[in-house]
Amino acid sequence: MAIPTDTVQIRRLTLHDGQCTLSTLYRLQKKWKLHLLLGPSLLSRDKVRLYTNHPASADEPFARDSFRQLDFLHDEPARTDYSDQFAEIEMVRAGSFQFYLTHSDSESAGSGYFIVDPFPSARMDSICMQTHLTKCLGPLDQWESRLLVAKETGYTAVHLTPIQQRGGSDSAYSLSDQL
């Protein structure tokens, strides 16, 4: 069963003290929400702060080095403990973004990246590119139907490898005559 594209989905990510997920990429879509939860190793820490460079609204300009502090929310505001607290980021802009956290004992207590894929109807405020190896696209008269897949899945740009006769290695980037 397909999920309607206008349905708001919530993705939850539990953070741990000292965890740097720089080699892991979390993929999200515009209009989704990301809930960053504090794991057990962070619940006992004082002054936990969470920051992101994802804009708070679609009208806000994006600056890679400009981070804003996120507020912590609770599923049940009347609770007296903090075990259910989370920070929410609403995905309002496509692109690659970062988060990091600090606490009273460390200015670098964890970090990570997430990417927000555009919907097919996204404005051109970001580039989502797919590379095609031209030697694998077949005859030129079949390219349109094959490249249409990229358009229909939300890519805003297509990169094609060189379309010249290939060199001895038969690599898509190896040209037979470079002059």
Side-chain angles (χ1 to χ4, degrees), residues 1-39 42-43 45-79 82-104 106-132 147-160:
M1 177 177 180
I3 298 173
T5 57
D6 60 344
T7 301
V8 174
Q9 293 190 35
I10 297 174
R11 300 290 192 223
R12 294 177 180 250
L13 176 61
T14 302
L15 305 175
H16 302 281
D17 192 18
Q19 179 184 28
C20 291
T21 59
L22 300 180
S23 63
T24 304
L25 184 65
Y26 303 99
R27 293 189 77 118
L28 305 162
Q29 288 188 4
K30 284 177 75 173
K31 299 184 182 179
W32 286 8
K33 293 180 180 182
L34 175 61
H35 285 186
L36 299 166
L37 295 85
L38 300 181
L42 288 168
L43 289 174
R45 298 290 186 175
D46 290 328
K47 299 179 184 173
V48 175
R49 292 186 177 92
L50 190 56
Y51 301 87
T52 185
N53 61 357
H54 188 278
S57 72
D59 299 331
E60 184 179 318
F62 171 70
R64 174 106 10 236
D65 296 326
S66 177
F67 288 81
R68 64 185 172 92
Q69 184 174 343
L70 300 171
D71 294 325
F72 285 102
L73 309 169
H74 297 274
D75 283 330
E76 299 177 31
R79 288 182 63 156
Y82 298 106
S83 63
D84 69 337
Q85 70 179 359
F86 63 92
E88 181 177 271
I89 306 172
E90 185 174 349
M91 303 301 123
V92 296
R93 177 167 298 179
S96 175
F97 304 97
Q98 184 178 4
F99 65 87
Y100 73 92
L101 60 110
T102 65
H103 55 66
S104 58
S106 175
E107 286 299 312
S108 179
S111 60
Y113 290 91
F114 59 95
I115 189 167
V116 181
D117 292 328
F119 285 119
S121 62
R123 297 184 333 235
M124 287 298 293
D125 60 356
S126 66
I127 295 175
C128 187
M129 186 180 311
Q130 184 177 53
T131 296
H132 285 273
L147 295 174
L148 187 61
V149 173
K151 177 187 177 286
E152 296 298 325
T153 55
Y155 288 94
T156 57
V158 173
H159 168 250
L160 299 173

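By convention here, the first residue in the shown sequence is residue 1.
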- [ ] Inspect the surroundings of CD in Q69 and state if more than 12 heavy atoms from other residues, nucleotides or ligands are less than 6.0 Å away.
- [x] yes

Heavy-atom closest contact ([X] atom, [Y] atom, distance):
{"X": "V8", "Y": "K31", "value": "CG1-O, 3.7 Å"}
{"X": "A109", "Y": "H103", "value": "CB-CD2, 3.4 Å"}
{"X": "L42", "Y": "L15", "value": "CD1-O, 3.5 Å"}
{"X": "P61", "Y": "P55", "value": "O-CG, 4.5 Å"}

Straight-line distance of [X] [atom1] to [Y] [atom2], nearest 0.5 Å:
{"X": "I89", "Y": "L70", "atom1": "CD1", "atom2": "CG", "value": "5.0 Å"}
{"X": "Y113", "Y": "N53", "atom1": "OH", "atom2": "CG", "value": "8.5 Å"}
{"X": "E90", "Y": "K33", "atom1": "CD", "atom2": "NZ", "value": "5.0 Å"}
{"X": "T156", "Y": "D117", "atom1": "OG1", "atom2": "CG", "value": "10.5 Å"}
{"X": "Q130", "Y": "L160", "atom1": "CD", "atom2": "CG", "value": "10.0 Å"}

- [ ] Would you please test Q85 and H74 for side-chain contact (heavy atoms from CB on, under 4.5 Å) and show each step?
- [x] CA-CA 5 Å; Q85 70 179 359; H74 297 274; 3.4 Å; yes

Quick one: are [X] and [Y] in side-chain contact, heavy atoms under 4.5 Å?
{"X": "T52", "Y": "L34", "result": "no"}
{"X": "F72", "Y": "V48", "result": "yes"}
{"X": "T14", "Y": "R12", "result": "no"}
{"X": "H35", "Y": "E88", "result": "yes"}
{"X": "R11", "Y": "F114", "result": "no"}
{"X": "L101", "Y": "R49", "result": "no"}

- [ ] Take the angle between the ring planes of F97 and H54 and call it parallel below 30°, perpendicular above 60°, tilted in between.
- [x] perpendicular

Task: Parallel, tilted or perpendicular: rings of Y51 and Y100 (30°, 60°) - done: parallel

TODO: Answer yes or no: is there a donor N or O on one side and an acceptor on the other, between the side chain of T102 and the main chain of S108, under 3.5 Å?
DONE: no

Open item on the list: For A58, is there any backbone N or O sitting under 3.5 Å from a side-chain donor or acceptor partner on R93?
Closed with: yes

Task: Intermediate values then yes/no, side-chain contact (heavy atoms from CB on, under 4.5 Å), V116 and Q29 - done: CA-CA 5 Å; V116 181; Q29 288 188 4; 5.7 Å; no

Open item on the list: Run F99 and L13 through side-chain contact (heavy atoms from CB on, under 4.5 Å) and show every step you take.
Closed with: CA-CA 12 Å; F99 65 87; L13 176 61; 3.9 Å; yes

